[in-house]
Amino acid sequence: MSNAYVLVEQQGGILDPVTAELITAARNLGEVTAVVVGKTGTHTTLAGELAAIGAAAVIAAESDSYDSRLILPEVDTLHTIAYNNPGPIVVAATTEGNEIAGRLAVRLASGVLSDVIAINADRTATHSIFGDTVSTTAAVGGSCPVYTLRPGATEADPIPAAGTVQVIALPEATAKDVTVTSFTPSEVAQRPALSQAKAVVAGGRGVGSVEGFTDLVEPLADLLDGAVGATRDAVDEKYYGPNFQIGQTGETVSPDLYIALGISGAIQHTSGMQTAKTIVAINEDEDAAIFQIADLGIVGDLFEITPKLIEEIKQRKN
Ligand SMILES: Cc1cc2nc3c(=O)[nH]c(=O)nc-3n(C[C@H](O)[C@H](O)[C@H](O)COP(=O)(O)OP(=O)(O)OC[C@H]3O[C@@H](n4cnc5c(N)ncnc54)[C@H](O)[C@@H]3O)c2cc1C
């Protein structure tokens, strides 16, 4: 049977849920080998989970110096493995994943398809383009085609597999490596990450101020155990941080529930959230474009409606 490689997304030995999506998508291409690149011993906490979500084999390339290196450990490892035993490679379409994919494709003389939403058995892949209004299918050449898969686009379908572990040496850093000399972790939010949240409450320019976010958007998100998002205009107005921007030039989210407060529904925003399962919009303009994709639309003043909604949810929770 043909094989496919998946680069495992993990932080300090904790598996990122996107890995299950990568394995599900890669299964169309063949038996999946999950590749763990990290600090010495990382695979010991991950191997069982990787088998449970469908890795037929796990290859771990680990080194004590991993934390002080960027990108090249993953590129070197996947290059070595795929050079010796060619097969398609699937990584997450993150900033790092896209860079790894580009470098790998050059080294392996294969094509790369970025930000795909599905991978097909014939090695073609599906893109969603023009603000997610059109789907296209693209083919890619080479014996080790590289795909970056958009997080949240594929529903994880874990089918347990053998997960046979093999540990290989991670080459030590050379003069080509970027070495991290100091590291300050970013502040960890109490709320779930936007890309993983089951519920997202997003505010737009209509929220009107920083206080609009802290008094209305955040409390509603917290009641739903959800994440907070924002439009670019809300970010540009400095109502909320740029890390929370949703849309073409921000995050793409696919939650079960998306609540849009004071958001007009510009295509650059909706391209990042229109795959949400249920969309609720509150906007005082009945012609706002967001209502075209909303499952439930409320025409009215968000400053009147949101506090009532918060109160109602609180009462039902008690
Ligand atoms: C290249 C490019 C990339 C872009 N990328 C992104 C992106 O990634 N993400 C993104 O979001 N945008 C992006 N944009 C910007 C996008 O085009 C829109 O300008 C933006 O999404 C609009 O944000 P908004 O809905 O908050 O603001 P507006 O369009 O100004 O809408 C505000 C809405 O709030 C409503 N409102 C006002 N007051 C109230 C109230 N009291 N109660 C209820 N409703 C009220 C209004 O009726 C209005 O519909 C991009 C633009 C370009 C050109």
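Counting convention: from 1, in listed order, for ligands and their atoms alike. As a basis for the values below, the full set of heavy atoms in this structure was taken, side chains included, without hydrogen atoms, waters or symmetry mates. The model shown is predicted, which means the values in this text are computed figures rather than measured ones.
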Looking only at protein heavy atoms, what sits closest to atom 53 (C) of ligand 1 is Q268 NE2, 4.1 Å
heavy-atom search around atom 8 (O) of ligand 1 in the protein gives T249 N, 2.8 Å
Any heavy atom of I246 under 4.0 Å from ligand 1? The part involved is backbone
- [ ] Salt-bridge test for R27 and D157: reply yes if a basic N is under 4.0 Å from a carboxylate O, no otherwise.
- [x] yes
* Any ion pair linking E74 and R103 (charged N to carboxylate O, less than 4.0 Å)? -> no
Exactly one candidate in K308, K314, R316 meets salt bridge (Lys or Arg N to Asp or Glu O under 4.0 Å) with E312; the answer is R316
In ligand 1, the atoms that come under 4.0 Å of a heavy atom of D301 are 40 (C), 41 (N), 42 (N)
For F303, the atoms of ligand 1 under 4.0 Å from one of its heavy atoms are 41 (N)
Looking only at heavy atoms, the pair that brings I119 and N28 closest together is O-ND2, 2.7 Å
- More than 12 foreign heavy atoms under 6.0 Å from NZ of K198: is that the case here? no
I263 and A202 have their tightest heavy-atom pair at CD1-O, 3.6 Å
- Message: Could you check whether T275 and S254, counting side-chain N and O atoms only, form a donor-acceptor pair closer than 3.5 Å?
- Response: yes
Ligand 1 to G300, heavy atom cutoff 4.0 Å, flagged ligand atoms 42 (N), 43 (C)
Ranked by distance from atom 45 (C) of ligand 1, the top protein heavy atom is E284 CG, 3.7 Å
_Pairing donors with acceptors under 3.5 angstrom, does anything connect the side chains of E99 and T95?_
no
If we number the atoms of ligand 1 from 1 as shown, the ones under 4.0 Å from a heavy atom of H269 are 10 (C), 11 (O), 21 (O)
Residue, atom and distance of the protein heavy atom nearest atom 24 (P) of ligand 1 read T231 OG1, 3.6 Å
Going by distance only, is there an N or O of L302 that falls short of 3.5 Å from an N or O of ligand 1? yes
Among I290, I305, N283, closest by heavy atom to atom 48 (C) of ligand 1 is N283
If we number the atoms of ligand 1 from 1 as shown, the ones under 4.0 Å from a heavy atom of Q248 are 7 (C), 8 (O)
Go through the side-chain N and O atoms of T40 and D64 and say whether any donor and acceptor fall under 3.5 Å apart. yes
Under 4.0 Å between heavy atoms, the region of A266 that gets near ligand 1 turns out to be side chain
Contact (N/O only, under 3.5 Å) between G262 and ligand 1: yes
Ligand 1 to S264, heavy atom cutoff 4.0 Å, flagged ligand atoms 25 (O), 28 (P), 29 (O), 31 (O), 33 (C), 49 (O)
A student checking ligand 1 against G204 at a 4.0 Å heavy-atom cut-off should list atoms 26 (O)
Do the side-chain N and O atoms of N98 and T148 include a donor-acceptor pair separated by under 3.5 angstrom? yes
So, 4.0 Å and heavy atoms of G272: is ligand 1 close enough to count as a contact?
no
Under a 4.0 Å threshold between the charged nitrogen and the carboxylate oxygen, would E237 count as salt-bridged to R205?
yes
In terms of heavy-atom contacts, A118 and L149 come closest through N-CD1, 4.1 Å
Ranked by distance from atom 20 (C) of ligand 1, the top protein heavy atom is D233 OD1, 3.5 Å
Nearest non-hydrogen protein atom to atom 2 (C) of ligand 1, with distance, is R232 NH1, 3.6 Å
Per-atom filter on ligand 1: closer than 4.0 angstrom to a heavy atom of G206 are 32 (C), 34 (O), 36 (N), 37 (C), 38 (N)
of all protein heavy atoms, closest to atom 30 (O) of ligand 1 is R205 NE, 3.0 Å
